[in-house]
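These notes concern the structure reproduced below.
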Amino acid sequence: MIGIKASYAAGTTALLLLSEATMGGPPMVTDDTGTAADGTVEIIGFAAGESRDAGKSAQAPALDVAFGINETVEIGFVLPRQRVKNPGQKSVTSWGEASLGLKWRFFDRGNRALAIAPTFSMPLTDSSTVLGIIDDAYIFTLPLLASIRRGAWELTGNLGYSVSSGTFDTISVSGSAGYQVTPKFRTLLEFWGSDLVGDGASRGFLNWRAGVEWAPVRRLTILGAIGGDIWSQLGAANRLEYDYYIGLQYVSGNRQ
């Protein structure tokens with residue numbers, strides 16, 4: 001799970017867009033060990049959001065781009081516009097948190113693979129932090145990614161730690177299962193959670209997400225997912241009611 005961000009502030013919109021793990025594996029939070037093919041560019045335009053009693057947040061329009069450096073390494077970035085709506089207040093919109101990451105698949109043997117995917121995230125503009133859209137924090141995340149393929153199934157797990165210049169560091173863990181229904185259609189289900197550690201406090205949560213990938217034509221893939229809460233120590237106001245992700249992926253270059 002890459003670049004997951006955390007803030008906690010009683011009485012204000014907090015933990016918004018936690019489910020959007022920047023540089024993750026759209027449409028899921030759990031990232032896989034796959035990388036963009038050598039010489040290709042994967043471009044995803046997406047909209048994502050979530051709802052809690054403490055407020056609602058959405059990223060749209062947003063751009064997720066990955067460049068294949070070779071067969072085992074990719075670099076990428078995420079650039080979102082973000083809107084936040086606190087209860088009883090007007091919504092505010094500005095740039096969200098920009099992220100830059102690298103993924104290196106250092107082990108690949110048959111149907112098993114391991115990768116690391118360090119990511120650095122930061123506010124893109126001062127206005128975003130002044131408006132309260134995102135925290136004024138710099139975040140470095142280092143996750144370990146593992147995947148196993150068995151026929152039409154792919155099982156993936158992530159374990160990561162995020163160091164923040166803000167209040168909380170984050171321990172994150174997630175696991176997903178994908179099933180290739182047809183050559184063009186795949187279904188996914190995952191469970192993901194984090195433990196927010198700071199000031200001697202520990203606040204954890206566990207969520208679920210279900211998604212689909214559909215490639216109606218070559219080079220284009222439609223991505224979609226919805227999710228919700230399973231268990232939370234964040235308090236009633238910050239429990240996730242639902243989240244969603246809708247995206248369109250285009251692959252340019254020498255793929256296939």
Side-chain angles (χ1 to χ4, degrees), residues 1-29 44-64 77-99 119 121-139 141 162 164 166-168 170 172 174 190 192-194 196 203-211 223-230 232-247:
M1 191 185 317
I2 308 177
I4 193 166
K5 297 167 283 297
S7 61
Y8 190 91
T12 63
T13 299
L15 297 162
L16 294 174
L17 285 171
L18 272 170
S19 55
E20 298 318 311
T22 308
M23 307 298 299
M28 311 307 282
V29 174
I44 302 176
F46 70 91
E50 64 174 35
S51 175
R52 306 172 189 266
D53 285 348
K56 296 182 179 182
S57 185
Q59 292 180 328
L63 186 66
D64 184 341
F77 68 87
V78 176
L79 185 63
R81 290 284 290 180
Q82 189 158 328
R83 179 175 58 85
V84 170
K85 175 70 169 63
N86 290 331
Q89 300 179 17
K90 293 183 178 180
S91 62
V92 290
T93 303
S94 186
W95 291 103
E97 210 165 53
S99 297
T119 303
S121 303
M122 62 177 291
L124 193 61
T125 64
D126 291 338
S127 64
S128 299
T129 60
V130 172
L131 292 170
I133 292 176
I134 57 175
D135 281 351
D136 186 9
Y138 297 85
I139 302 169
T141 302
S162 297
S164 173
T167 305
F168 288 93
T170 307
S172 56
S174 69
E190 73 176 351
W192 64 278
S194 289
L196 315 181
R203 300 180 178 91
F205 65 88
L206 178 66
N207 296 330
W208 65 272
R209 180 176 279 195
L223 310 169
I226 57 172
D229 166 82
I230 298 174
S232 176
Q233 293 177 316
L234 304 178
N238 286 301
R239 289 180 69 98
L240 179 66
E241 295 177 342
Y242 65 85
D243 65 10
Y244 64 88
Y245 182 101
I246 302 172

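Because the structure is a prediction, the values reported are computed rather than measured.
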Query raised in the report: Can a donor-acceptor pair be found between the side chains of Thr170 and Ser172 at a distance below 3.5 Å?
Result: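 No, no side-chain donor-acceptor contact under 3.5 Å.
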Counting C-beta onward and ignoring hydrogens, is there a side-chain heavy-atom pair between [X] and [Y] closer than 4.5 Å?
X	Y	value
Asn207	Asp229	yes
Trp95	Leu79	yes
Val84	Gln82	yes
Thr129	Ile134	yes

Query - Sequence-distant partners of Arg81, salt bridge (charged side-chain N to carboxylate O under 4.0 Å, His left out), two or more places apart - result: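 For Arg81, no residue satisfies salt bridge (charged side-chain N to carboxylate O under 4.0 Å, His left out) once neighbours in sequence are set aside.
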Nearest 0.5 angstrom please: [X] [atom1] to [Y] [atom2], how far?
X	Y	atom1	atom2	result
Leu131	Ser94	CG	OG	6.0 Å
Gln59	Tyr245	CD	OH	9.5 Å
Glu241	Asp53	CD	CG	4.5 Å
Ser99	Ile139	OG	CD1	8.0 Å
Arg83	Ser57	CZ	OG	8.0 Å
Arg209	Glu190	CZ	CD	6.0 Å

Of all the heavy-atom pairs spanning [X] and [Y], show the shortest one and how long it is.
X	Y	answer
Arg52	Ala237	CB-O, 3.6 Å
Gly235	Ser232	N-OG, 4.5 Å
Pro87	Ala54	CD-O, 3.2 Å
Ile44	Gly247	CG2-CA, 4.5 Å
Tyr242	Lys56	OH-NZ, 4.2 Å
Ala137	Gly166	CB-N, 3.8 Å

Query raised in the report: Does the pair Leu234 and Leu240 meet the rule for a side-chain contact (heavy atoms from CB on, under 4.5 Å), with working shown?
Result: CA-CA 9 Å; Leu234 304 178; Leu240 179 66; over 6 Å; no
Requested in this report: Start with the C-alpha distance between Asp64 and Phe46, add both sets of side-chain angles, then the distance that settles side-chain contact (heavy atoms from CB on, under 4.5 Å), and finish with yes or no.
Outcome: CA-CA 8 Å; Asp64 184 341; Phe46 70 91; 3.9 Å; yes
